[in-house]
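The structure presented is a predicted model; accordingly, all values stated were derived computationally and were not measured. In what follows, every heavy atom counts, from backbone to side chain, and hydrogens, waters and symmetry copies are set aside.
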Amino acid sequence: VQLQASGGGLVQAGASLRLSCAASVRTFSTYYMGWFRQAPGKEREFVASISQYGGTADYADAVKGRFTISRDNAKKTVSLQMNSLKPEDTAVYYCAGNVYRLERSPWRYEYWGQGTQVTVSS
């Protein structure tokens with residue numbers, strides 16, 4: 001499984017960004033997908049996850065109400081719509097996949113994309 005994240009950039013506080021992650025895999029719907037982020041000097045943290053067919057999503061408290069995760073199994077993509085961005089959202093964002101269930105721990109994810117930088121200026 002190969003995951004390719006894109007869509008990061010430099011924006012001002014209050015702006016929006018949409019991250020996308022494209023998967024190279026035969027059956028994308030097999031995988032639960034998640035987004036994580038890692039700021040300099042900090043551990044990788046959970047942002048959001050989505051079930052195999054998109055019926056269930058989970059969000060970290062820090063992003064709930066501002067970020068929305070979605071997926072398109074036909075296109076084999078998972079997206080993260082980020083609104084009302086804050087400087088504390090600055091991090092490298094990673095998409096990840098696992099075949100077991102919705103998970104918040106990065107250790108439960110077997111497949112990872114390369115990361116895309118999001119920088120929010122104040």
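- Looking at Asp89 and Lys86, no side-chain N of the basic residue comes within less than 4.0 Å of a carboxylate O on the acidic one, giving no salt bridge.
- In this structure, OG on Ser20 lies 11.0 Å from CD on Gln4, to the nearest 0.5 angstrom.
- Under a hydrophobic clustering in which Ile, Leu, Val, Met, Phe, Trp and Tyr are joined whenever their side-chain heavy atoms come within less than 4.5 Å, directly or via other members, Leu85 and Leu10 fall into different clusters.
- For the pair Val118 and Arg37, the minimum side-chain heavy-atom distance is 4.5 Å or more.
- With hydrogens and angles disregarded, a donor-acceptor distance shorter than 3.5 Å links the side chain of Tyr59 to the backbone of Ile69.
- For Ala91 against Ala39, the heavy-atom pair with the smallest separation is CB-N, 3.8 Å.
- Here the closest non-hydrogen pair linking Pro87 and Ala13 is CD-CB, 4.1 Å.
- Tyr32 and Val25 fall into different hydrophobic clusters, where Ile, Leu, Val, Met, Phe, Trp and Tyr residues are linked whenever their side-chain heavy atoms come under 4.5 Å apart, directly or through other members.
- Within a 6.0 Å radius of NZ in Lys64, more than 12 heavy atoms belonging to other residues, nucleotides or ligands are found.
- The neighbour count for Gln114 CD, taken as heavy atoms of other residues, nucleotides or ligands under 6.0 Å away, is above 12.
- Distance alone, capped at 3.5 Å, is enough to place a donor-acceptor pair between the Arg71 side chain and the Ser51 backbone.
- Judged by a 6.0 Å distance limit and a 45° cone about the ring axis, Arg108 is not positioned over the six-membered ring of Tyr100.
- Distance check: Asn83 CG to Phe67 CZ gives 8.5 Å after rounding to the nearest 0.5 Å.
- In this structure a side-chain-to-backbone donor-acceptor pair under 3.5 Å is present from Asn73 to Gln52.
- Contact of the Leu19 side chain with the Tyr94 side chain is not registered, since no non-hydrogen atoms from C-beta on lie closer than 4.5 Å.
- Under the 3.5 Å distance criterion, with hydrogens and angles disregarded, a donor-acceptor pair is assigned to the side chains of Thr119 and Gln117.
- Taken from CE in Met33 to OH in Tyr111, the straight-line distance is 11.0 Å, to the nearest 0.5 Å.
- Interatomic distance, Ser122 OG to Glu88 CD, rounded to the nearest 0.5 Å: 10.0 Å.
- Atom OG1 of Thr68 sits about 8.0 Å away from atom CG of Leu80, to the nearest 0.5 Å.
- For Arg18, the salt bridge (Lys or Arg N to Asp or Glu O under 4.0 Å) test picks out no residue, with sequence neighbours left out.
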* To do: Any chance you could lay out the side-chain contact (heavy atoms from CB on, under 4.5 Å) test for Phe46 and Asp58, step after step, and finish with the verdict?
  => CA-CA 10 Å; Phe46 169 76; Asp58 184 29; 3.6 Å; yes
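- When side chains are defined from C-beta on, Glu103 counts as touching Tyr109, because their heavy atoms get closer than 4.5 Å.
- Relative ring orientation between Phe36 and Trp112 is described as tilted, the plane-to-plane angle lying within the 30° to 60° band.
- Of the residues Leu3, Thr116, Thr77, the one that meets the side chain to side chain contact (heavy atoms under 4.5 Å, CB included) test with Cys21 is Leu3.
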* Please report the C-alpha distance between Met82 and Val120 in whole Å, then the side-chain angles of each, then the deciding distance to 0.1 Å, and finally whether the side-chain contact (heavy atoms from CB on, under 4.5 Å) criterion is met. => CA-CA 11 Å; Met82 305 186 295; Val120 184; over 6 Å; no
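- Nearest heavy-atom pair, Ser16 versus Ser84, reported as atom, atom and distance to 0.1 Å: OG-N, 4.3 Å.
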* To do: Given side-chain contact (heavy atoms from CB on, under 4.5 Å), test Ser49 with Leu102 step by step and report yes or no.
  => CA-CA 6 Å; Ser49 61; Leu102 285 178; 3.4 Å; yes
